[in-house]
Amino acid sequence: MSTAYHPETVESGAQEYWARSRCFEVGEDTEKEKFYCLTMFPYPSGKLHMGHVRVFTISDVIARYQRMQGKHVLQPMGWDAFGMPAENAAIKRGVPPAKWTYENIADMRGQFKRLGYAYDWSREVTTCRPEYYRWEQWLFTRMFKKGLVYRKNSVVNWDPVDQTVLANEQVIDGRGWRSDALVERREIPQWFMRITAYADELLDELDRMPGWPDSVKTMQRNWIGRSQGVELTFDVAGDNEPLTVFTTRPDTLLGVTYMAVAAEHPLAEKAAAGNPDVAAFIEDCKKTDAAEATMETMEKKGMPLGISAIHPITGDEVPLWVANFVLMSYGTGAVMAVPGHDERDWEFAKKHGVPIKQVIAPADGSDIDIEEAVFTEKGVLVNSGEYDGLNYDDACEAIADFFEKSGRGRRAINYRLRDWGVSRQRYWGTPIPIIYCDDCDAVPVPEDQLPVILPEDVEVSGKGSPLRDMPEFVNVSCPQCGKDARRETDTFDTFVESSWYFARYACPDNDQVMLDERAAYWTPVDQYTGGIEHAILHLLYSRFFQRVMRDEGLTDISEPFTNLLTQGMVLKDGAKMSKNKGNTVDPQELIEKFGADTVRLFMMFAAPPEQALEWSDDGVQGSFRFLKRFWNAVQSHTDGGPAGDIDVAVLNAAQKDLRRKTHQTIAKISDDIGRRYTFNTAVAASMELLNSINRFEDDSDAGRSVKHEALEAVVLLLSPIVPHISHALWAELGHKTALIDVPWPSVDEAALAEDLIEVVVQVNGKLRGRISVAVDADKDTLAAVAMADENVQRFIDGKEIRKTIVVPGRLVNIVV
RNA sequence: GCCGGGAUGGCGGAACUGGUAGACGCGCUGGAUUCAAAAUCCAGUUUCCGAAAGGAAGUGGGGGUUCGAUUCCCCCUCCCGGCACCA
């Protein structure tokens, strides 16, 4: 008796079964091969968006597929619960961030369950809970003792009206988003983690990470930006402090015609004291936000300081400039400028009338005019005194030797990577476990006083952190000397929480240690899936933290994520879906209308995971239609009663064709899901198979048995993507064992065998015919049959055949 | 600006290792069913020429390598992501 497809009934039935059998709650089974499948955990914004649905479905498909391969699969879920949106909501609606966050988590957990993800909810981690963040506070104090954290001044965006520090995204066209005031760069003391201490290891290990996309590895390599060069010092006329610069082009040293320092550089500040124009210029430089993209794209401005450096080789005076494009936080905050052989220096020199000197000539001896165009290639030294005639390598060596012998410089390795600033002047984050004492300076909070608990019952105004106004939080006694002291009110960057949560899923309930032996069982993550937007920061910080935890003796693992899948954005109208742009699509409405399986299916079908997915409301309907066809096909088949076993000896041609299609599809989808992660083509292949099934009209016993096998294959092959309908249809096909415990189907090689295949015939590379030949036809036979084709004859008739290319099983190309 | 990625019918995409461009789906067109509509089913659907057979062009633009290029190389355009305080 056929029933119509009702997704709510089917899906709640499957979900109740999974919950009742607790099939996704896993312990540590050393007998089985483990598979740790993880998705970047979400920020609990309150509502699931399409980007979430996409990434969580991708991961769930992989987890369910691996389970069917017999692996012991862990797939946990948790909440990246600290962050700015909670504070913004608090400012807007007066709800404390904690309350807002916990309510959002409850809502989103419900949505996740409705989507049928195979999560072990017993391991849920919430980063704003003290039982979680106490361990990163603890690790920070350990890092403090090792010198892996330190405090220094660094630049923030200062809103002079709201008297508060702004995030880069809160600065719009150089103005504060709420006050509209011009934002200023301001230096304040902040805590840093010494990620640069691991720069070489983080860089070198990338060469041994075959499971990561090349694009991400390249981005990380470029981000770390290791470069070999020379660090050299210039004396400054009338100043005792020499100026140190780093260059990767010491061969161009004789071409230095000016030098530039950052606005925050001590020399600039010194010059400003006696020169109001310079002072005004520096003030002007500070009226910009602190983002690097802004620095790089803004107009390059500079002003001479009226101070000269002494060229270390020629002894000439070289004018010093202050420039808005030199970053204090990068390198030494000073650069030597070689306008003849550096693009940016050339443009700056042209604009400001600084002389341009050619010191490199093209290696092939050709002439260039350095006033007309910059020459940045490596070549032969000219106008460089005793170094004239040397090539790049020899010149670098000679000049580096000169500096090292004279003690004025050294060969050095420079990194673009900077230490990680983790201080945030915000309330809703992990309190940095430091106490400031007038006598003992900054003292880490002792282990027995952890965690430093963030008070949750607060009012947020948007003007500075409420923690500063809480004497019961701030006033403490110094752990070292006992005198009155003040607690740090800054909190951690939320990237700190997301840098180790993947390990904590293994042992979220341990209140004695950060990680235990269960982490040793589950880590590293076998498959990590998340947005490409995290290619650098989150993934690099996590790799860094994993090493810090390793060196603390918490784990033996160095790399946290063995295989990485970076999924593209979900776009609408060509832009990232976001509340700001008002171009969101609510998954909840679609789930209510069509069910979770339709939404999951459409997400997997619309594009391959790595590509950006342009959302379109059309097409969801098509996925729903397909599931209805799928449902009806199984129902009408089972209406005919049970089907017998297949007897391969009695199958006719059409029955063999369907069997071949079934097993070809099993092979293709196994490859698509297991190796290629191209779920879109897996869905397409299963649609093709169902189309073949629906065209196959054969009610004989043999026909029904072949059809039964084909339908079972579709159910199993689609089950990672649409697990609910598959659960129901598997039972409908007469099985007592629940689908979740059934292994992935295997290919019957014998069913794939074919007698005749089609081969394409080209003449001069253009398609002119198709021939049907035996599978094992040799090259000569193929060529002969191809020549005999009627249409091919028209194109080769009367012409000389110069060459015949035969690709067995594929094509014949006749060149005339 | 720098780093990474992308561009294929009306739309989303397929073509995996240089070998049939457009699988699969959406949309659209025509037909069946219906009192009618929805739903469903069948057929067609890159463009141009042609009644058809067939032919020509065609994978963002320009050039190159090759018997053969969506695929490899060079140059360019536009779009997306990241740029260290959005997560």
Please tell me which of A:F495 and A:T678 maps to the more 5' nucleotide of RNA chain B, matching each residue to the nucleotide holding its nearest heavy atom. A:T678

Check: B:U20 base within 3.5 Å donor-acceptor of A:R770 side chain: yes

For A:W223, report the nucleic acid contact type (base, sugar-phosphate, nothing); a contact means any heavy atom under 4.0 Å. base

Has the side chain of A:R675 got a donor or acceptor atom sitting under 3.5 Å from an opposite partner on the base of B:C16? yes

Roughly how many Å apart are B:A43 and B:C75, using the P atom of each and rounding to a whole number? 49 Å

Base, sugar-phosphate alone, or nothing: which one does A:A293 contact when heavy atoms must sit under 4.0 Å apart? base

What nucleic acid atoms does A:T297 come within less than 4.0 Å of, heavy atoms only: base, sugar-phosphate, or nothing? base

Side-chain donor-acceptor contacts of residues 149-159 of chain A below 3.5 Å, not counting sequence neighbours, with atom names and distances?
residue, atom, partner, partner atom, Å
A:Y150, OH, A:D419, OD2, 2.6
A:R151, NH1, A:Y436, OH, 3.4
A:S154, OG, A:Q190, NE2, 2.9
A:N157, OD1, A:A290, N, 2.7
A:N157, ND2, A:L166, O, 3.1
A:N157, ND2, A:N168, OD1, 2.9
A:D159, OD1, A:V161, N, 2.9
A:D159, OD1, A:D162, N, 3.0
A:D159, OD1, A:S179, OG, 3.1
A:D159, OD2, A:S179, OG, 2.6

Please determine whether a side-chain nitrogen or oxygen atom of A:Q611 lies at a distance below 4.0 Å from atom OP1 or OP2 of B:G13. yes

A:R695 vs B:C42: side-chain N/O to OP1/OP2 distance below 4.0 Å: no

Please determine whether a side-chain nitrogen or oxygen atom of A:N222 lies at a distance below 4.0 Å from atom OP1 or OP2 of B:G4. yes

Under 4.0 Å between a side-chain N/O of A:R424 and OP1 or OP2 of B:A84, yes or no? no

How close or far is atom P of B:C24 from atom CE of A:M603, stated in whole angstroms? 24 Å

Proximity to the side chain of A:N813 - top-ranked nucleotide from B:A84, B:G55, B:G68: B:G68

Check whether any side-chain nitrogen or oxygen of A:R625 sits under 4.0 Å from OP1 or OP2 of B:G27, and answer yes or no. yes

Inspect the contact between A:E292 and A:R416 and indicate whether a charged nitrogen and a carboxylate oxygen are less than 4.0 angstrom apart. yes

Does a nitrogen or oxygen in the side chain of A:N168 sit under 4.0 Å from OP1 or OP2 of B:A84? yes

Just checking A:K668: base, sugar-phosphate only, or nothing, at a heavy-atom cut-off of under 4.0 Å? base

Per side chain to side chain donor-acceptor pair (under 3.5 Å), A:Y132 is matched among A:W79, A:Y501, A:W500 by A:W500

B:U70 and B:G58: how far apart are their P atoms, nearest whole angstrom? 10 Å

When all nucleic acid strands are considered with a 4.0 Å heavy-atom cut-off, which category describes A:Q762: base, sugar-phosphate, or nothing? base

Report the C-alpha separation of A:D672 and A:F679 in whole Å, then their side-chain angles, then the decisive distance to 0.1 Å, and conclude whether the side-chain contact (heavy atoms from CB on, under 4.5 Å) test is met. CA-CA 6 Å; A:D672 283 350; A:F679 311 111; over 6 Å; no

B:G25 phosphate, OP1 or OP2: any side-chain N/O from A:N691 under 4.0 angstrom? yes

5'-most by nearest nucleotide on RNA chain B - A:S215 or A:D419: A:S215

Got a salt bridge between A:R770 and A:E758, using NZ or NE/NH1/NH2 to carboxylate O under 4.0 Å? yes

Does the side chain of A:R676 get closer than 4.0 angstrom to OP1 or OP2 of B:U17 through an N or O atom? no

Phosphate oxygens OP1/OP2 of B:A23: is one of them under 4.0 Å from a side-chain N or O of A:N680? no

Does B:G58 have OP1 or OP2 sitting under 4.0 Å from an N or O in the side chain of A:K766? no

Checking all strands, does A:F795 fall into the base, sugar-phosphate, or nothing category for heavy-atom contacts under 4.0 angstrom? sugar-phosphate

